[in-house]
Amino acid sequence: MLNRFSRLVLMGIALMTVFAAKAQNPAISAIYTPDPAPYVHGDKVYLFVDHDEDDAVYFKMKDWLVFSTEDMVNWTYLGAPVSTETFAWAKQGDRAWAAQAVEHKGKWYWYLCCNTADGKDALCVAVADNPQGPWKDAIGKPLATGFGFIDPTVFIDDDGTPYLFWGNKGFWYGKLNDDMISFADGYKEVPGYTDPKSFGALQSKMDWSIGRNREMTQYEEGPWVTKQNGMYYAVYPAGGVPEYMAYSTAPTVNGPWTFRGRIMNEAENSFTIHGGNITFKGHNYMFYHNGALPNGGGFRRSTAIEEFKFNNDGTIPFIPFTKEGVKPVEKLDPTKRVEAETMASSWGVKLDRKDGKDHYVTSVHNGDWIKLRNVDFGEGNATAVSATIGQLKNAGSIEFFIDKLDGSSFAKIDFGKANETKEGRITGRDKPKGTHDVYILFRGGDEELFDLDWWNCLQY
Ligand code: FUB
């Protein structure tokens, strides 16, 4: 007979299975990830995001996070390498707002925004040798300050000239020097910022931040500037709050910009929508955020992704929101080391908030799980699963399931000591073969169990 607690856990797992089977949006579920800024580098997408605190009831943002993927569905957490503490001159523990990073001539530059100690909006830049850092303040002071100086987007033109665009309650841009940390000729307002032909007529909306209707253009904040086939694109949250996503195009980086309309509706359960688009492995993706995670909301936002195709004339179509999100573009090889913090979705668990290269799945409790998609077991030759944990708070186990969380697991490993590496034999008549989703289910008592480090399949 199952006791009441076990029945509740199983019911919870069943419910979550339904949720997990359908939802790939939000794309990251173990931590809140607003203001997504994806960056394609070689065969990976790096995702630079801000971080809403779990208990936020207003903007409560202290650090910035990095993830990467090779397949668009399994995202690996690379840590929290930059925080307001990176900038000694900044207001600490608050206003770690939207940002974007880029690689240029072997160095990585992360353009961020925060507040100065005396409360001014400021753009800042951090520099590193790789996305995981260590990152340091590149200039030891703000790159620029001014009212509405938030949400920088960096864009490198075909001729290698870098530009920075930014702004809320204004839209500014400036050419950067090749050092990436100074402006070549200062900065100025984006031409047409106040012209409805360039950035859309505002359909009379209340701007709560100023307490009256605003008669500007639809451009609100969070620009994302790219170039395709000789055409410059500025995608941006539009229309005041709640924001939708709109875009404008221009034949040169200096304009003239032409308003092209709405491409996404207001985000689910979030009055902001900040994001941007990339092309990766032949697919186009629009990133944005919503408040759709359990306990999510306008101040607890998560990255979501939709695939889209440019129209033949280069315009961007209207992009509907989906729960299913995007499809995998690669298979995941389970015989190689799989970091525990690589996952397509999860329930219950959290990620450490550390910098550096060694990361863990934390806050693990009975009934929590991790899901990975498109895991390729090939001919079914795996005979065991090995896994390593970090800290141990209480003994517990992990069980591996194929495609869904019910039925029997194909491997189980018990852990009773910190930093153990242990193996579990692959059991069952149907050894995993071919490509499947994998669930890793945590089992134990009522208290927190252990931190999971990594796992892989073995062939003896
Ligand atoms: O995340 C804080 C602010 O909310 C961003 O800087 C804006 O773009 C909006 O998403």
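All ligand and atom numbering here is 1-based and tracks the order in the structure.
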> How far apart are the closest heavy atoms of Asp368 and Ser363, and which atoms are they?
Replying inline: OD2-O, 3.4 Å

> Tell me, do Phe321 and Met264 make a side-chain contact under 4.5 Å, heavy atoms counted?
Replying inline: yes

>> For Lys62, is there an ion pair with Asp94 - N to carboxylate O distance below 4.0 angstrom?
In response: no

>> Can you tell whether the side chains of Lys331 and Asp71 come within less than 4.0 Å, N to carboxylate O?
In response: no

>> What does the 4.0 Å heavy-atom contact list look like for ligand 1?
In response: Asp35, Asp50, Phe59, Met61, Trp97, Ala98, Asp151, Glu221, Thr272, His274, His289, Arg301

>> Taking the ring of Phe271 and the ring of Phe299, is the distance between their centroids below 6.0 Å?
In response: yes

>> How close do Ala80 and Leu65 get, counting heavy atoms only, and between which atoms?
In response: CB-CD2, 3.5 Å

